[in-house]
Amino acid sequence: MDKFLIEGGVPLEGEIDVSGAKNSALPALAACLLTQEPVTLRRIPLVRDVLTMLRLLERCGAAVHSEDGVLRVQAAEIVHPEAPYELVKTMRASSLVLGPLVARCGRARVSLPGGCAIGARPINLHLAGLEQLGARLSQEHGYIIAEAPDGLRGATVHFDRITVTGTEDLLMAAVLADGETVLSNAAREPEVVDLAALLIQMGARIEGAGTSTIRVQGVRRLRGAEHAIIADRIEAGTFLIAGAITRGHLVVRRCEPAHLTSLLHKLRQAGVEITQAGPDALAVRAPGKLVSVDATTEEYPGFATDLQAQYMALMTQAHGISIITETIFENRFMHVLELVRMGANIRVEGRQAIVAGPTPLSGAAVIASDLRASASLVLAGLAARGQTVLDRVYHIDRGYERIEEKLARAGARIRRISDL
Ligand code: EPU
């Protein structure tokens with residue numbers, strides 16, 4: 001299992017490029033199942049979750065071709081409309097193939113995801129929506145079987161709570177359904193908008209993506225398309241925090257500042273200086289005192305749960321008390337005990353973490369428990385005195401493309417060691 005060895009205390013300087021968004025790439029790849037024709041996708045980050053999704057597409061019968069960072073997927077024929085447990089258990093987003101498979105083939109068999117490090121994460125809302133589109137659902141041996149032999153029918157689907165992949169799954173099902181579908185209380189994340197942009201290029205008729213009501217007029221078939229994935233706002237946010245926590249001067253390039261509004265607002269309130277350094281670049285510095293600022297995670301455009309752990313690492317270096325409230329997932333504080341082992345003063349009370357700062361951090365041996373928790377420990381390691389050894393970096397490889405190489409190019413002393 002690979003580890004990261006980090007020597008902290010070096011301010012990051014220079015430029016760092018953001019990759020395409022993992023959480024946009026995953027639904028875009030699932031959307032390739034909706035057409036027989038080739039779909040060409042640019043800026044797909046080659047992270048582990050994307051590789052898992054490619055394996056899943058291949059298992060369904062799609063041909064995948066990758067060259068110079070461009071992926072071409074062609075699902076001329078779907079041989080197995082299935083997502084097996086071995087793949088779903090390593091990546092919950094595998095359930096994104098459910099909607100496209102049942103829409104295209106009239107049948108899908110998808111393993112139910114089990115528990116997860118950050119919370120229960122059921123897919124009941126995906127299933128309830130598909131039922132409303134006319135799919136018959138049954139369950140056996142841990143699998144959901146969705147059947148719609150005569151095709152799906154448009155309907156009004158109201159989500160009881162906002163779900164990102166649920167919205168994406170239903171959007172992909174609705175584009176081939178007969179008639180109009182209205183998705184209400186839909187997720188407004190930029191990744192949903194990006195998926196809709198791809199589907200529209202494929203011939204889908206969609207209005208309202210990016211708002212909480214999405215209207216879809218079903219079409220009979222979709223065609224191939226070419227599309228570039230949006231920048232990863234969570235990776236960009238992680239690098240902005242890296243610049244601030246190391247008191248460096250970093251330019252984060254190829255990002256979309258408009259997708260980072262709530263984080264930028266918090267960082268500025270906390271005393272971090274952020275300036276626009278070009279249409280798609282932000283420069284970050286934190287020369288002065290950092291002050292504590294509370295944050296509560298919310299659906300987009302609120303403060304992203306996927307940045308909560310990284311923001312908490314920064315708040316350990318801010319003056320005062322900050323209260324960080326997690327409202328999206330019930331168990332997303334796994335990084336707290338590891339940060340405390342590095343010297344942070346954090347107490348968890350239910351859904352709130354109370355961070356008292358600033359506390360000097362000192363390098364320690366720590367263990368990554370999930371993707372964003374690992375990112376927060378990398379940030380803490382970069383700010384700490386001495387050496388941090390981060391174990392189980394496969395978690396970070398799920399969603400960050402060669403993060404250690406990107407950080408090292410900005411001066412970080414971080415390297416990967418593999419024990420054989
Ligand atoms: N929920 C249900 N029933 C459902 C679906 C969701 O109760 O059928 C609950 C979840 O348990 C959770 C809340 O609704 O408490 C929101 O979950 P959502 O469905 O929005 O999460 P997701 O679609 O599974 C995506 C991202 C996550 C990100 C969340 C929230 C992808 C592939 N994953 O997950 O990303 O945290 O939205 O923004 O897009 C990550 O990248 O590290 C990551 C976990």
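When a residue number appears, it is its place in the shown sequence, counting from 1. One-based numbering, in listed order, for ligands and for the atoms of each.
Contacts with ligand 1 closer than 4.0 Å are made by side-chain heavy atoms of R161 only, the backbone lying farther away. Here R332 has side-chain heavy atoms under 4.0 Å from ligand 1, and that is the only part of it that gets that close.
Between E326 and R351 there is no salt bridge, since no side-chain N of the basic residue sits under 4.0 Å from a carboxylate O of the acidic one. Classification of D306 and R332 as a salt-bridged pair holds, one side-chain N sitting under 4.0 Å from a carboxylate O. Checked for salt-bridge contact, R233 and E191 meet the test: a charged N lies under 4.0 Å from a carboxylate O. Ionic pairing of E207 and R215 is not present here: no N-O contact between side-chain nitrogen and carboxylate oxygen is shorter than 4.0 angstrom. Salt bridge D2/R416: present, at least one basic N to carboxylate O contact under 4.0 Å. Salt-bridge annotation for R55 and E58: absent, with no side-chain N of the basic residue lying under 4.0 Å from a carboxylate O of the acidic one.
When only interatomic distances are considered, the shortest N/O to N/O separation between N23 and ligand 1 falls below 3.5 Å. In terms of polar-atom proximity, defined here as any N/O pair under 3.5 Å, I328 does make such a contact with ligand 1. For the pair A93 and ligand 1, the shortest N or O to N or O distance does not fall below 3.5 Å. On a distance-only criterion, L371 and ligand 1 share no N/O pair closer than 3.5 Å. Among the atoms of F329, none of the N or O lies under 3.5 angstrom from an N or O of ligand 1. Considering backbone and side-chain N/O atoms, T163 comes within less than 3.5 Å of an N/O atom of ligand 1. Taking any N or O of E168, backbone or side chain, none lies under 3.5 Å from an N or O belonging to ligand 1. No N or O atom of T305 sits closer than 3.5 Å to an N or O atom of ligand 1.
The side chain to side chain donor-acceptor pair (under 3.5 Å) test with D17 singles out one residue from K406, R409, R253, R254, and that residue is R253.
Nearest to atom 20 (O) of ligand 1 by heavy atom, out of V164, N124, N331, is V164. When A187, A21, G166, P122 are ranked by how near their heavy atoms come to atom 6 (C) of ligand 1, first place goes to P122.
Contact annotation: K22 has at least one heavy atom less than 4.0 Å from an atom of ligand 1. Residue contacts with ligand 1 include R372, since one of its heavy atoms falls under 4.0 Å from the ligand.
When only non-hydrogen protein atoms are considered, atom 34 (O) of ligand 1 lies nearest to R121 NH2, 3.3 Å. Looking only at protein heavy atoms, the nearest one to atom 43 (C) of ligand 1 is D306 OD1, 3.4 Å. The protein atom (non-hydrogen) at minimum distance from atom 8 (O) of ligand 1 is L125 N, 2.7 Å.
A side-chain donor-acceptor contact under 3.5 Å links T297 to the backbone of T327. At least one donor-acceptor pair closer than 3.5 Å links the side chain of Q74 to the backbone N or O of Q36. Of the possible polar contacts, none joining the N185 side chain to the H158 backbone as a donor-acceptor pair under 3.5 Å is found.
Counting atoms of ligand 1 from 1 in the listed order, those under 4.0 Å from a heavy atom of T165 are 22 (P), 23 (O), 24 (O), 31 (C), 32 (C), 39 (O). Listed by number with element, the atoms of ligand 1 under 4.0 angstrom from any heavy atom of H126 are 8 (O).
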Step-by-step salt bridge (charged side-chain N to carboxylate O under 4.0 Å, His left out) determination, E226 to R42: CA-CA 8 Å; E226 196 169 327; R42 297 178 189 280; 2.5 Å; yes
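Here the OG1 atom belonging to T163 is positioned 8.0 Å from the CD atom belonging to E168, to the nearest 0.5 angstrom.
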